[in-house]
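Just below is one structure, and these are the notes that go with it.
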Amino acid sequence: MTIQENCPAAATNGERATLNYQGKPTDFPLRHGSIGPSVMDIGKLYKDTGCFSYDPGFTSTANCASKITFIDGDKGELLYRGYPIEQIAEYSNFLATCFLLLNGELPTNEQFRDFRRTISMHTMVHEQMTRFFTGFRRDAHPMAVMVGVVGALSAFYHDSTDISNPEHRRIATNRMIAKMPTIAAMAYKYSIGHPFIYPRNDLDYTSNFLQMCFAVPCEPYIVNPVVARALDRIFILHADHEQNASTSTVRLAGSSGANPFACIASGIACLWGPAHGGANEAALTMLQEIGTVERIPEFIAKAKDKSSGFRLMGFGHRVYKNYDPRAKVMQKTCHEVLDALDKRDDPLLKVAMELEKIALQDDYFVSKKLYPNIDFYSGITLRAIGFPVEMFTVLFAVARTVGWIAQWREMIEDPEQRIGRPRQLYVGPSRREFPL
Ligand code: ACO
């Protein structure tokens with residue numbers, strides 16, 4: 001089988017690629033995005049050739065056309081609606097980023113005021129949901145609680161689950177963005193046996209989240225502006241990331257017409273895995289295990305030894321084969337937080353910086369283009385702010401909710417979208433008779 005990608009026919013004949021299979025050429029249209037690689041539209045591959053494509057992990061397969069986020073993994077570039085992540089992280093805030101991701105443009109001052117007001121109108125959760133929490137064990141992982149409680153939102157807010165109604169989609173969007181921090185903070189408070197702290201709508205999105213996590217009813221809580229800004233930036237950095245595993249999960253769940261709360265719950269479940277959102281937790285645990293700079297070579301050697309099954313957590317990325325642009329912002333944010341909280345002597349920071357230095361010079365990591373990803377420094381930062389490791393992925397889920405919902409809405413509104421239903425290469429037994 002050969003693919004004549006740049007054959008004259010492809011260049012001149014309405015841009016098509018020709019696939020030769022069993023001596024029979026078949027043409028497939030090429031489709032071009034605004035930037036990034038073009039795609040071969042193989043939707044008719046099976047009908048025309050009797051063959052499926054095989055691509056475990058979707059390394060070469062686009063599942064949708066999207067206008068939201070773009071990654072150039074070789075350049076180390078990430079764009080939200082065209083804007084570079086570094087610029088958004090520097091000049092914008094998380095709620096304005098939500099508006100941008102959802103609507104395609106940055107908000108005007110008036111639009112931002114309206115959006116902020118709307119979101120703040122939805123920050124409380126149904127009071128009966130508090131009883132839902134008490135059904136969980138106190139030592140449950142907060143991600144387990146998140147999967148359950150967010151899934152249960154559809155039982156409390158079924159007046160916004162008609163996915164064919166744009167108004168329902170809009171209200172469900174606002175509810176998800178507004179209630180996610182409240183639910184996340186409740187999961188945390190429940191795990192440590194503290195009373196739930198209600199949202200305060202006079203505070204900005206991230207400061208309100210911090211007070212719901214760290215305030216107690218018996219004394220005033222003052223939000224540290226450096227910490228609030230840092231967490232807001234962490235939320236911006238995690239807000240969307242193209243068709244990653246959890247976003248694809250949300251799209252796949254949504255493709256059957258499932259309600260938005262159920263779809264987001266499926267995204268949370270996927271995010272929990274250590275190869276995805278669980279990596280910041282795993283990265284911090286690894287840094288703690290390494291403990292001192294002297295032990296780094298031992299761990300580097302282990303990471304290079306395939307039989308050990310060990311990987312340097314916080315290193316490598318499916319798409320970025322150059323420095324993750326979010327990791328650069330994260331590293332700076334990490335230093336800012338440790339300075340502001342007077343924790344710059346954190347031994348884990350020393351281990352992290354030295355590990356990064358050594359790995360970036362090591363042939364194994366250089367040749368495989370394994371650079372630190374966003375999770376490498378986010379764990380140290382979140383721990384310094386006061387979050388326990390179990391909460392790290394929960395914070396990621398709070399931030400990624402807007403990406404999931406923006407992508408889900410785009411999918412619902414896309415006339416080309418159909419139920420997601422991959423095919424398979426069956427390698428099990430062929431038909432046989434049941435023994436009587
Ligand atoms: N440490 C050591 N070796 C590694 C690492 C690592 N962290 N990551 C990849 N490799 C090696 C693999 O062993 C493989 O080697 P080989 O070609 O000799 O077989 C090669 O690099 C390619 O690795 P793959 O697993 O094929 O790459 P893939 O794109 O499938 O995986 C992933 C990407 C899952 C992120 C991987 O790099 C990893 O497990 N990293 C650690 C976990 C992590 O930090 N995840 C966070 C991802 S970012 C996010 O979700 C926000």
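Quick note: residue numbers are just sequence positions, from 1. Start at 1 and go down the list; that is how both ligands and their atoms are numbered.
Within the listing of ligand 1, atoms 46 (C), 48 (S), 49 (C), 51 (C) sit less than 4.0 angstrom from a heavy atom of D375. Residue-ligand proximity, A279 to ligand 1, at heavy-atom distances under 4.0 Å covers atoms 43 (C), 44 (O), 45 (N), 46 (C). Taking every non-hydrogen atom of K368 and a distance limit under 4.0 Å, the qualifying atoms of ligand 1 come out as 11 (C), 15 (O), 16 (P), 17 (O), 18 (O), 20 (C), 21 (O). Close approach to A303 involves these atoms of ligand 1, each under 4.0 Å from a residue heavy atom: 2 (C). The contact set between ligand 1 and G314, taken as ligand atoms under 4.0 Å from a residue heavy atom, comprises 43 (C), 44 (O).
Distances from atom 23 (O) of ligand 1 to the heavy atoms of R318, K321, R311 show the closest one on R311.
There is a protein heavy atom closer than 4.0 angstrom to atom 12 (C) of ligand 1. Under the 4.0 Å distance rule, the nearest protein heavy atom to atom 26 (O) of ligand 1 falls outside the cut-off.
Note on ligand 1: Y364 sits in its first shell, one or more heavy atoms being nearer than 4.0 Å.
The part of K306 lying near ligand 1 is the side chain, judged by heavy-atom distances below 4.0 Å. When non-hydrogen atoms are compared, ligand 1 lies under 4.0 Å from the backbone of H276 as well as from its side chain. Within the 4.0 Å heavy-atom criterion, neither part of N244 lies near ligand 1.
Ionic pairing of E413 and R169 is present here: one or more N-O contacts between side-chain nitrogen and carboxylate oxygen are shorter than 4.0 angstrom. In summary, D305 and K302 do not engage in a salt bridge, as defined by a charged side-chain N under 4.0 Å from a carboxylate O. A salt bridge links K304 with D362: the closest approach of a Lys/Arg side-chain nitrogen to an acidic carboxylate oxygen falls below 4.0 angstrom.
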